[in-house]
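Since the structure comes first, as structure tokens, the remarks are kept for the end.
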Number of protein chains: 2
Amino acid sequence: MTPKSCNYDAAYGLFFGSLANHNRFSIISVLRDEKKNVTEICESTGFEQTMVSHNLKRLDHCGMVFSEREGKCRYYRVNEKTIKPLLKLIDAHIKKYCCKILTGER
Amino acid sequence: MTPKSCNYDAAYGLFFGSLANHNRFSIISVLRDEKKNVTEICESTGFEQTMVSHNLKRLDHCGMVFSEREGKCRYYRVNEKTIKPLLKLIDAHIKKYCCKILTGER
DNA sequence: AGTACAGATGATTGTTTAGTCATATGACAC
DNA sequence: GTGTCATATGACTAAACAATCATCTGTACT
């Protein structure tokens, strides 16, 4: 499949859907500053291993994290090029609108 | 509620969840370049009015669109400050990763 | 006040998603 | 090869979501 033939719409859905889940967002957050293996992610987040693996798979799938094996462990790191500016942008948005977001006021 | 007391995590979920839905994304897309009222959005997208209203409510709720009444109509426009750079960022990401995203290759 | 147009809301239902359990694979050490 | 640690996968169920339907509110015009 060439990039031109890709179905961009579906890709958008997968991309944003990946960040919409609270647990995946937590995983991204603990990886924000340093790479970690699955066990370390579990410890940092308190999540179960299978759940973390499932969610890492999805994040990897969307190009949000990269991974590499080191001996018995597989280390994951965020795709800094996308994730860092994205989170920065959204942080600013939420700082400004979070109250509206959470209360639903119009 | 002051910004400091906000529950940011929930806000992130609402924010990204809003963009994860294909129909909401279409609505954002047709508003990307010009403001439109609900009827016009329906015409541009082919969606039903009630569905559009429900989804606009959510987008408004997240600070992604703003609205103002003009006579009988209510016009919606995107929050350019957030949406434009966001979409630009994601466009670049997806151009690079969409094939992986859609095929699931590792 | 009555009608018509524009949009919003609430309830219901079918679909999607996500966490959990059981199990499988992969890598290393002995 | 066997055991153990690290991670991945598939199937299943429960919870979340989103579209639809029926109905309601708001504005303008007469």
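Excluded from the calculations below are hydrogen atoms, water molecules and symmetry mates; all remaining heavy atoms, backbone and side chain alike, are included. Computed from a predicted model, the values in this text were never measured in an experiment. In what follows, chains carry the letters A, B, and so on, assigned in the order in which the sequence lines appear, proteins first and then strands, with residues in each chain numbered from 1.
Closest approach to the His54(A) side chain among dT20(D), dT20(C), dA8(D) is made by dT20(C) (side chain taken as heavy atoms from C-beta onward). Set against dT7(D), dA22(D), dG7(C), the side chain of Thr50(B) has dA22(D) as its closest nucleotide. With dA28(D), dA18(D), dA8(D) as the candidates, the nucleotide lying closest to the side chain of Lys72(B) is dA28(D). Nearest nucleotide to the Asn37(B) side chain, out of dG7(C), dC21(D), dA11(D): dG7(C). The side chain of Ser53(B) lies closest to dT9(C), out of dT9(C), dG19(C), dA8(D).
Between the side chains of Ser67(A) and Arg74(A), at least one donor-acceptor pair of N or O atoms lies under 3.5 Å. Using modelled atom types, one finds no donor on one side chain facing an acceptor on the other under 3.5 Å when comparing Ser18(A) with Arg24(A).
Less than 4.0 Å separates DNA chain C from no heavy atom of any residue of residues 15-29 of chain B.
By the 4.5 Å heavy-atom criterion applied to side chains, Asn55(A) and Phe25(A) are not counted as neighbours.
Residues Leu19(A) and Ile41(A) fall within the same hydrophobic cluster, defined by Ile, Leu, Val, Met, Phe, Trp and Tyr side chains chained together at heavy-atom separations under 4.5 Å. A continuous path of ILVMFWY side-chain contacts below 4.5 Å connects Leu86(B) to Met64(B), so both sit in one hydrophobic cluster.
Comparing Glu40(B) and Gly71(A) by the nucleotide of DNA chain C that holds the closest heavy atom to each, the one mapping nearer the 5' end is Glu40(B). Comparing Arg69(B) and Met51(A) by the nucleotide of DNA chain D whose heavy atom lies nearest to each, the residue mapping closer to the 5' end is Met51(A). In this structure, Val52(B) and Glu70(A) both approach DNA chain C, and ranking their closest nucleotides by distance from the 5' end singles out Val52(B).
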Go through the steps for Phe47(B) and Val30(B) under the test side chain to side chain contact (heavy atoms under 4.5 Å, CB included), then give the verdict. CA-CA 12 Å; Phe47(B) 299 154; Val30(B) 303; over 6 Å; no
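dA8(D) atom P lies 13 Å from atom OH of Tyr75(A), rounded to whole Å. Rounding to whole angstrom units, NZ of residue Lys57(A) and P of dA11(D) are separated by 11 Å. Residue Leu59(B) contributes atom CG, which lies 12 Å from atom P of dA8(C) at whole-angstrom precision. Going from atom CD of Glu68(B) over to atom P of dA6(C) covers 18 Å, rounded to whole Å. Atom-to-atom, CZ of Arg74(A) to C1' of dC28(C) comes out at 16 Å; the value is rounded to the nearest Å. Across the protein-nucleic acid pair, Glu48(B) atom CD and dG7(C) atom C1' stand 14 Å apart, rounded to whole Å. One interatomic measurement links the two molecules: CD of Gln49(B) to C1' of dC24(D), which rounds to 12 Å at whole-angstrom precision. At whole-Å resolution of the value, CD1 in Ile41(B) and C1' in dA8(C) are 13 Å apart.
Within 4.0 Å (heavy atoms only), Thr39(A) reaches sugar-phosphate atoms of the nucleic acid but no base atom.
Ring geometry for Phe66(B) versus Tyr97(A): interplanar angle of 30 to 60°, hence tilted.
The neighbour count for Lys84(B) NZ, taken as heavy atoms of other residues, nucleotides or ligands under 6.0 Å away, is above 12.
Dashed line: the shortest gap from a side-chain N or O of Tyr76(B) to OP1 or OP2 of dA6(C) is not under 4.0 Å.
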